[in-house]
Amino acid sequence: MNAKKRTLLITLTGRDRPGVTSRLFTTLSAFPVTVADVEQVVIRGRLVLGVLVSYGSDTDVGKVLAATEEIATDLGMELELATGSERGARRRHGRLHVTILGRALRPAALAGIAGRIAAHGANIDRIERLADQPVTCIELHVSGADPDGLRTALAAEAAELQVDVAVQRGGLARRAKRLIVMDVDSTLIQGEVIELLAEHAGRGAQVAAITEAAMRGDLDFEGSLRERVAMLEGLDEGVLEAVRHSVEFSPGVRTLVRTLKRLDYKFAIVSGGFTQITDALAADLGIDYAAANVLEIKDGRLTGRLVGPIIDRPGKAAALERFAAEAGVPLSQTVAIGDGANDLDMIAAAGLGIAYNAKPAVRQAADTAVNVPYMDTIAFLLGISREEIEAADAEDAEIIR
């Protein structure tokens with residue numbers, strides 16, 4: 001019986017108004033048809049409504065066509081009808097989400113990305129906008145592509161077109177992310193804390209040069225950290241308070257944390273920096289877990305040494321695993337965000353590794369890279385739109401009133 005099933009695709013296009021969808025389905029309810037698929041989008045007051053119905057030999061398809069044409073005429077809308085087979089209407093396997101971010105998203109970028117997708121024999125099933133500010137974010141629902149191959153191809157295209165592109169598997173795996181682990185210096189916050197401290201010691205340029213080499217991966221992190229901390233010897237501990245007050249969060253950090261906490265996400269920070277700074281940052285944002293190094297202080301002054309184990313590249317990955325275990329979250333449901341070489345292990349260990357305005361080696365190793373200075377764009381990679389964020393903020397503001 002199923003082999004004899006046919007399909008009819010009904011597409012209505014025109015000015016959006018209340019009742020269009022209701023009118024169409026009310027009319028279709030008079031016929032022995034089954035709804036197989038529905039897509040609807042509104043752009044600048046223009047509605048595109050597509051309904052795929054299947055029918056058998058007992059359906060007078062001519063009457064269905066006449067009824068839908070009457071509705072279109074009555075509503076002043078354009079109508080397109082196409083018949084086919086039910087088998088051909090089935091969606092292909094391998095659903096992926098391809099997310100495109102750009103400050104100014106030009107047609108050439110979408111043409112290049114779409115071309116690469118087509119070259120891989122994949123199909124774009126759906127396109128939707130997730131944000132129009134502070135960046136434009138477009139998400140493509142793609143089927144029929146190998147995720148690893150497509151990710152590699154689109155990474156090259158994105159670099160040439162100067163946009164950010166993320167490729168993720170669809171389905172429950174994407175929605176199940178529940179723990180976000182972030183680096184601190186140049187990720188959660190702007191700049192490097194150790195460089196701010198070194199400025200007070202008159203060694204800012206020297207420390208900055210070592211930090212840059214370490215973040216590129218040119219120097220052993222632990223050795224370079226101890227070398228830089230030694231340059232802080234003799235600093236009054238009051239400098240820590242001054243630096244704490246001068247630190248600025250990356251744009252969008254508060255929005256990201258506030259939004260995802262509404263969805264019961266847990267947050268953690270892991271830092272090659274110092275607890276004397278990071279503990280206050282975690283408390284300010286309501287971060288659930290934190291790990292960082294400890295500066296030794298004696299008689300009110302920094303000794304130029306560290307206390308306890310070092311949080312380095314392996315230490316960050318170990319912290320991610322520990323926090324995931326404490327939160328009861330599988331590693332596959334974690335997200336790691338970082339910018340430097342000492343973040344590589346935790347980025348590799350997480351279910352989704354994000355290079356945030358990162359060094360080239362980190363961008364190449366991560367699942368995706370974000371090169372715009374807005375931390376809240378991470379929410380778009382998780383399928384959360386700007387409209388949803390703003391609606392939730394407005395609802396909270398109303399409750400507070």
For [X] versus [Y], what's the shortest heavy-atom pair and its separation?
X	Y	result
Leu344	Ala365	CD2-CB, 3.6 Å
His120	Gly149	NE2-O, 3.5 Å
Arg178	Asp264	CD-O, 4.1 Å
Arg216	Ala341	C-CB, 4.0 Å
Ala280	Arg244	CB-CD, 3.4 Å
Arg151	Asp367	CD-O, 3.4 Å

> Step by step, would you call Arg23 with Asp74 a salt bridge (charged side-chain N to carboxylate O under 4.0 Å, His left out)?
Replying inline: CA-CA 10 Å; Arg23 285 279 305 275; Asp74 187 43; 2.8 Å; yes
If you round to the nearest 0.5 Å, how far is [atom2] of [Y] from [atom1] of [X]?
X	Y	atom1	atom2	value
Leu381	Leu352	CG	CG	7.0 Å
Glu78	Arg46	CD	CZ	6.0 Å
Glu80	Thr68	CD	OG1	12.0 Å
Ile124	Leu96	CD1	CG	11.5 Å
Leu49	Ile10	CG	CD1	9.0 Å
Leu256	Phe249	CG	CZ	12.0 Å

Salt bridge flag under 4.0 Å for residues [X] and [Y]:
X	Y	result
Asp299	Arg301	no
Arg262	Asp393	yes
Asp132	Arg129	yes
Arg95	Asp125	yes
Glu237	Lys298	no

>> Applying side-chain hydrogen bond (donor to acceptor under 3.5 Å, both in side chains), can you list everything that pairs with Thr211, at least two apart in sequence or on another chain?
In response: Arg228
Side chain proximity check, [X] to [Y], heavy atoms < 4.5 angstrom:
X	Y	answer
Arg226	Ile310	yes
Val51	Leu28	yes
Leu382	Tyr265	yes
Lys266	Ile180	no
Tyr356	Met182	no
Leu188	Ile337	no
Ile269	Thr278	yes
Leu24	Leu12	yes

Does [X] use its side chain to pair, donor to acceptor, with the backbone of [Y] at less than 3.5 Å?
X	Y	answer
Asp288	Phe267	yes
Arg17	Leu75	yes
Thr59	Pro32	yes
Gln276	Leu240	no
Ser250	Thr187	yes
Thr334	Pro330	no
Thr26	Ser22	yes
Thr7	Gly84	yes
Thr368	Val165	yes
Asp16	Val42	no

>> Using the rule given for side chain to side chain contact (heavy atoms under 4.5 Å, CB included), can you reason through Ile117 versus Ile113, listing the C-alpha separation, both sets of side-chain angles and the distance that settles it, and then say yes or no?
In response: CA-CA 6 Å; Ile117 292 171; Ile113 298 301; 4.0 Å; yes
>> Between Asn371 and Asp164, does the side-chain hydrogen bond (donor to acceptor under 3.5 Å, both in side chains) criterion hold? Intermediate values first, please.
In response: CA-CA 7 Å; Asn371 296 301; Asp164 296 332; 2.9 Å; yes
[X] atom [atom1], neighbour heavy-atom count above 12 within 6.0 Å:
X	atom1	result
Glu387	CD	yes
Gln162	CD	no
Lys359	NZ	yes

>> Holding to salt bridge (Lys or Arg N to Asp or Glu O under 4.0 Å), I want the full list of residues that pass it with Asp376, two or more places apart in sequence or in another chain.
In response: Arg386
> What is the ring orientation for His141 with His97, classed by angle as parallel under 30°, tilted 30 to 60°, or perpendicular over 60°?
Replying inline: perpendicular
>> With side-chain contact (heavy atoms from CB on, under 4.5 Å) as the test, pick out the partner of Phe274 among Val229, Val184, Val243, Asp279.
In response: Val229
> Taking it one step at a time, do Glu388 and Ser385 satisfy side-chain hydrogen bond (donor to acceptor under 3.5 Å, both in side chains)?
Replying inline: CA-CA 5 Å; Glu388 289 171 319; Ser385 71; 3.3 Å; yes
> Of Asn342, Asp345, Asp220, Asp343, which is the lone residue that meets side-chain hydrogen bond (donor to acceptor under 3.5 Å, both in side chains) with Arg313?
Replying inline: Asp345
>> Does Ile384 form a side chain to side chain contact (heavy atoms under 4.5 Å, CB included) with Leu263? I'd like the steps, not just the answer.
In response: CA-CA 11 Å; Ile384 300 168; Leu263 301 174; 3.6 Å; yes
> Yes or no on side chain to side chain contact (heavy atoms under 4.5 Å, CB included) for Leu101 and Thr136, after CA distance, side-chain angles and deciding distance?
Replying inline: CA-CA 6 Å; Leu101 292 168; Thr136 300; over 6 Å; no
> Could you go step by step and tell me if Thr21 and Gln40 meet the side chain to side chain contact (heavy atoms under 4.5 Å, CB included) rule?
Replying inline: CA-CA 9 Å; Thr21 306; Gln40 178 172 308; 2.7 Å; yes
> With no hydrogens and no angle check, do the side chains of Ser186 and Glu192 hold a donor and an acceptor under 3.5 Å apart?
Replying inline: yes
